[in-house]
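Worksheet for the structure shown next.
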Number of protein chains: 2
Amino acid sequence: MSDLLERLRGRGWRMTAQRRVVAEVLDGDGAAHVHLTADEVHARAAGRLPEISRATVYNTLGELVSLGEVIEVATDGRAKRYDPNAHQPHQHLVCSRCGVIRDVHPAGDPLAALPATERFGFTVSDVEVTYRGLCPDCATAA
Amino acid sequence: MSDLLERLRGRGWRMTAQRRVVAEVLDGDGAAHVHLTADEVHARAAGRLPEISRATVYNTLGELVSLGEVIEVATDGRAKRYDPNAHQPHQHLVCSRCGVIRDVHPAGDPLAALPATERFGFTVSDVEVTYRGLCPDCATAA
DNA sequence: TCCTACAATAGACATTGTCTAAGTCAAGAA
DNA sequence: TTCTTGACTTAGACAATGTCTATTGTAGGA
Ligand SMILES: [Mn+2]
Ligand SMILES: [Mn+2]
Ligand SMILES: [Zn+2]
Ligand SMILES: [Zn+2]
């Protein structure tokens with residue numbers, strides 16, 4: 001966590017109470033597996049700093065994404081989710097019914113599955129894989 | 001195309017001018033590679049049937065998705081896109097700059113890359129892969 | 001301590017999608 | 001063919017998510 005704040009300071013960030021709280025909400029206490037929406041980040045941040053605005057949360061999240069400290073994931077076509085686990089490549093497993101998200105680590109490099117003949121001249125730099133199914137709770141409740 | 005209309009009739013669809021136009025916009029003349037947003041579908045449908053409403057376009061698209069005739073894809077966290085190429089499994093290659101989308105066919109079954117130990121009791125039934133990079137035009141313009 | 005460029009705020013605005021109440025009509029029945 | 005009826009369509013309100021601007025505040029260096 002303080003690692004993150006150190007990196008941000010090193011990148012010239014002006015350290016404000018708002019930015020500190022957003023970073024703490026995202027990256028605090030063993031939160032490597034959370035995937036919060038912007039509104040959820042705002043709600044938790046407002047718990048510590050009641051006057052923080054939505055615009056600041058959106059701005060800060062956008063900056064963290066630009067800096068590569070947080071990854072934006074869109075698993076449901078609704079609100080984007082913000083993933084602080086940006087330094088460990090991983091993919092996501094999503095329950096189609098309740099929406100719960102798990103980090104998963106597929107075997108091999110997913111990029112390698114796309115042959116050159118299927119790249120159409122693109123410079124392919126990234127791949128995002130979303131596995132979908134039913135979580136154990138939803139499967140038994142079905 | 002008439003294939004699609006036949007299947008819909010067989011499923012008990014009441015055939016209205018609005019539904020016919022939406023199906024034609026999505027699945028008409030060699031459109032296997034289009035990925036339109038709901039608003040784009042509405043605009044094209046309104047070209048043929050000016051009084052068609054947004055609600056009807058959203059309703060019809062939702063029905064086509066439920067019936068498995070069209071696939072909903074969210075490549076940019078903004079508007080969902082509707083893909084009539086639902087009967088041929090494929091994935092998408094997206095330009096990070098201009099947003100252009102290509103259908104691609106990775107080697108092997110992407111589901112096979114997720115080991116049982118990484119499934120956490122989920123019943124995994126589907127996988128969606130989005131490759132990202134720069135298209136040839138955007139790469140040279142960079 | 002003071003300055004100032006950068007950051008935060010409130011709230012308007014934009015985009016995308018959902019819902020409801022009222023009117024319309026496709027398709028089967030008579 | 002005409003009638004009937006429940007499915008369908010419509011306009012527009014509403015909701016959720018995200019963006020932008022004008023104003024005010026402040027972190028950090030001089
Ligand atoms: Mn994650
Ligand atoms: Mn496609
Ligand atoms: Zn579930
Ligand atoms: Zn491009």
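Only a predicted model underlies this, so the values are computations on that prediction, with no experimental measurement involved. Labels below follow one simple rule: chain letters A, B, ... track the order of the sequence lines, proteins then strands, and each chain is numbered from 1.
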Just how far, in rounded Å, is P of dA7(C) from CG of Leu64(A)? 13 Å
Presence of donor-acceptor pair under 3.5 Å, side chain of Arg14(A) and base of dC6(C): yes
Run through His33(B), Gln91(B), His90(B) and flag the one making a side-chain hydrogen bond (donor to acceptor under 3.5 Å, both in side chains) with Asp103(B). His90(B)
Between P on dG17(C) and CG on Asp76(B), what's the gap in Å once rounded to a whole number? 10 Å
Met15(A) has its side chain closest, among dC19(C), dG28(D), dG18(D), to dG28(D)
Tell me what Ala55(B) touches on the nucleic acid: a base, only sugar-phosphate, or nothing, going by heavy atoms under 4.0 Å. base
Provide, to the nearest angstrom, the distance between the CD atom belonging to Glu72(A) and the P atom belonging to dT19(D). 8 Å
Expected output: side-chain Ser96(B) to main-chain Gly133(B) donor-acceptor under 3.5 Å: yes
Residue Ser53(B), side-chain heavy atoms: nucleotide from dA8(C), dA11(D), dT16(C) that is nearest: dA11(D)
Expressed in angstrom and rounded to an integer, what is the separation of Trp13(B) atom CH2 from dG28(C) atom P? 17 Å
Taking atom P of dG18(D) as reference, at what distance in whole Å does atom NZ of Lys80(A) sit? 6 Å
Length of the line joining His42(B):NE2 and dA11(D):P, which is rounded to integer Å: 8 Å
Check this for me: does any side-chain nitrogen of one of Arg81(A) and Glu72(A) sit under 4.0 Å from a carboxylate oxygen of the other? no
Can you work out whether Thr37(B) or Thr56(A) has the more 5'-proximal nearest nucleotide on DNA chain C? Thr56(A)
All heavy atoms of Ala139(B) vs all of Thr123(A), minimum pair found to be CB-OG1, 4.2 Å
So, under a plain 3.5 Å distance rule, would you say the side chain of Arg54(A) forms a donor-acceptor pair with the base of dG18(D)? yes
For the pair Arg119(A) (side chain) and Leu114(A) (backbone), establish whether a donor and an acceptor sit closer than 3.5 Å, ignoring hydrogens and angles. yes
Does OP1 or OP2 of dT9(D) have a side-chain N or O of Thr16(B) closer than 4.0 Å? yes
Let me test you: for the helix from dT1(C)-dA30(D) to dA30(C)-dT1(D), what is the angle between the axes at its two ends (five pairs each), rounded to 10 degrees? 20°
For Pro115(A) against His105(B), the heavy-atom pair lying closest together: CD-O, 4.3 Å
Taking OP1 and OP2 of dT9(C), is either one under 4.0 Å from a side-chain nitrogen or oxygen of Gln18(A)? yes
Within this structure, what is the CG-to-C1' distance between Leu61(A) and dA8(C), rounded to whole angstrom? 15 Å
Is a donor from one side chain sitting under 3.5 angstrom from an acceptor on the other, for Glu128(A) and His92(A)? no
On DNA chain C, check which nucleotide each of Arg81(B) and Ala17(A) is closest to and give me the residue with the more 5' one. Ala17(A)
Does dT18(C) have OP1 or OP2 under 4.0 Å away from a side-chain N or O of Tyr58(B)? no
Mind calculating the distance between CG (Leu49(B)) and P (dC25(C)) to the nearest angstrom? 12 Å
